[in-house]
Amino acid sequence: MGEPESAKYGHSRDIAVPQEVIHLWDTRVVSVLERITDGFVALDQQWRYVYVNHQTEQLLGRRREDLLGKNIWDVYPEEIGTLFYQKYHEAMDTQQPDEFEIFYPQRWYAVHIYPSPEGLSLFYTDITQHKQAEEQLLFNASVAQSITDAVIATDMQNRILSWNKAAETLYGWKEEEVLGKDASVILLTDFPNNPHRQWEEQLQTTGFWKGEAIQRCKDGTSVHILASVSLVKNRAGEILGAVAANRDITEQKELEKRKDEFIEMASHELKTPVTALKGHIQLLQRTFEKQGMREYAQSLATMGRQINKLTKLVEELVDVSTMQTGKIDYTKEPFDFDTRIRDIIDNLQQASPHHTISITGTANNKVIGDKDQLEQVFINLVTNAVKYSPDADRVDVALVIDQDTMTVSVRDYGVGIPKEHQSNIFDRFYRVSPFSDNAYPGLGMGLYISYEIVKAHGGKMWVESVEGKGSIFYVSLPHTILLPARGDVPKV
Ligand code: ADP
């Protein structure tokens with residue numbers, strides 16, 4: 001009969017340790033070795049296992065009774081010649097401690113070797129998690145490095161934490177020159193379209209901001225960039241910093257500038273001959289009418305209508321380029337809004353026999369503003385409503401006055417505007433369908449001009465639309481530009 005199980009084992013707290021080990025090793029040492037989270041193995045000079053801790057049993061998936069007293073290379077002949085084999089032999093020969101990292105069999109370990117005249121002590125630390133994190137970092141870093149946008153990460157104090165190769169190329173600063181420095185000092189960023197630092201507000205509230213900026217390079221030159229900035233948060237939702245991906249759009253901006261200059265010059269060059277032509281056609285038309293030459297007079301009337309279209313186009317081009325440079329002048333004087341809007345609708349009704357254009361509500365106020373420019377806004381909106389609803393037969397205009405504003409809405413029952421286009425239609429030259437589309441000819445200037453005019457009057461303009469159902473365009477003007485129609489006391 002063999003010994004009872006309990007006699008074969010000593011106990012290091014709750015872990016059973018074979019008696020032969022307990023004999024050789026001090027119980028306090030055993031207690032420590034059994035408790036550490038590292039694997040521990042001791043080999044004697046003949047490469048025999050003299051100690052295998054509990055953690056190693058787990059790691060190797062073998063009971064220590066099967067290992068103790070056996071030669072490691074007999075147990076693991078397949079390891080002869082491997083890194084383990086080389087390192088252990090080197091340490092045994094030189095009696096120098098050593099360490100190395102190894103992937104075995106499915107996890108990463110850091111192996112520490114401590115040689116002594118008795119043999120080798122080996123510690124194995126599982127570093128898989130650490131390795132994975134390191135690899136993830138390496139991967140992220142190489143992703144950032146291979147991106148052609150300048151990628152810059154900053155901490156909460158706006159200090160630069162990372163700066164990829166594209167950032168080095170774009171700004172001329174090397175990574176080591178800028179790490180830890182204040183990004184705003186290095187890049188001296190200016191936000192031309194965001195004078196009130198709305199970008200910061202948006203970044204704080206939504207966690208993201210995309211827009212244009214001008215930044216300074218190391219050599220003092222400037223680059224125009226399109227920046228996409230995101231806040232970086234930890235799992236608890238606390239902000240750790242921000243990452244910006246900046247694309248150089250300097251060339252594109254130069255091109256746009258040249259295009260704008262060309263449009264400005266061309267539209268001004270066109271204006272003089274078109275105005276002269278218009279004047280001469282009117283003169284000739286009147287002369288032919290007086291002389292009873294009706295056929296000629298009619299031809300000239302047709303020419304006159306075409307010239308009017310051309311004039312409108314040229315005027316819009318002039319407006320667009322003047323607005324772009326911010327040089328437009330608005331004459332602000334009081335005018336009777338109700339009369340003007342009804343006149344506009346009467347005129348457009350005559351030119352649009354297939355639609356009934358109705359108007360409800362009254363402004364009951366005079367508006368202090370640029371009469372011609374504001375008229376242009378409503379002409380654009382009603383003309384568009386008719387143009388983009390060829391299969392419908394009505395357009396509804398409504399005026400609503402409330403405490404703070406006067407709102408005019410223009411509603412059609414036409415093609416509508418797809419959602420993804422709705423935020424862009426007030427942009428310069430923006431069209432939902434391509435310019436080549438003959439179904440709805442246009443140049444995408446009307447809404448941009450209207451938006452700028454309304455903005456210059458302190459008002460707002462927006463659209464609600466459902467594709468295939470129709471659109472409602474709204475213009476709201478602030479009470480500060482309204483005067484009661486009767487009496488001259490400003491409405492406050
Ligand atoms: P356009 O001369 O092209 O009509 P606008 O600036 O007036 O230029 O309008 C810009 C774009 O907005 C148009 O190309 C059209 O796609 C869209 N749009 C404007 N008004 C309407 C409307 N009432 N219904 C549907 N789409 C519209």
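Everything numeric here is computed off the predicted structure, so don't read it as measured data. In each ligand, atom 1 is the first atom listed, and ligand 1 is the first ligand listed.
- For the pair Asp149 and Arg247, the salt-bridge criterion is met [side-chain N within less than 4.0 Å of a carboxylate O].
- The aromatic rings of Phe288 and Tyr296 sit tilted relative to each other, their planes meeting at an angle between 30° and 60°.
- A salt bridge is defined here as a Lys NZ or Arg NE, NH1 or NH2 lying under 4.0 Å from an Asp or Glu carboxylate O, and Glu452 with Lys455 meets this definition.
- A salt bridge links Glu316 to Lys312: at least one charged side-chain nitrogen sits closer than 4.0 Å to a carboxylate oxygen.
- Using a 4.0 Å cut-off between charged nitrogen and carboxylate oxygen, Lys259 and Glu256 do not count as a salt-bridge pair.
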Note down each nitrogen or oxygen pair, ligand 1 side and protein side, whose separation is under 3.5 Å; give only atom names and the distance to 0.1 Å.
from, atom 1, to, atom 2, distance (Å)
ligand 1, 2 (O), Leu443, N, 3.2
ligand 1, 2 (O), Gly444, N, 3.4
ligand 1, 3 (O), Arg431, NE, 2.6
ligand 1, 3 (O), Arg431, NH2, 3.2
ligand 1, 3 (O), Gly444, N, 3.2
ligand 1, 4 (O), Lys387, NZ, 3.1
ligand 1, 4 (O), Tyr388, OH, 2.7
ligand 1, 6 (O), Gly446, N, 3.2
ligand 1, 6 (O), Leu447, N, 2.8
ligand 1, 7 (O), Asn384, ND2, 2.8
ligand 1, 8 (O), Gly444, N, 3.3
ligand 1, 14 (O), Tyr388, OH, 3.3
ligand 1, 14 (O), Arg431, NE, 3.3
ligand 1, 16 (O), Val432, N, 3.2
ligand 1, 20 (N), Asn384, ND2, 3.4
ligand 1, 23 (N), Asp412, OD2, 2.9

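- Salt-bridge formation is not detected for the pair Lys257/Asp260: no Lys NZ or Arg NE/NH1/NH2 atom is positioned less than 4.0 Å from an Asp or Glu carboxylate oxygen.
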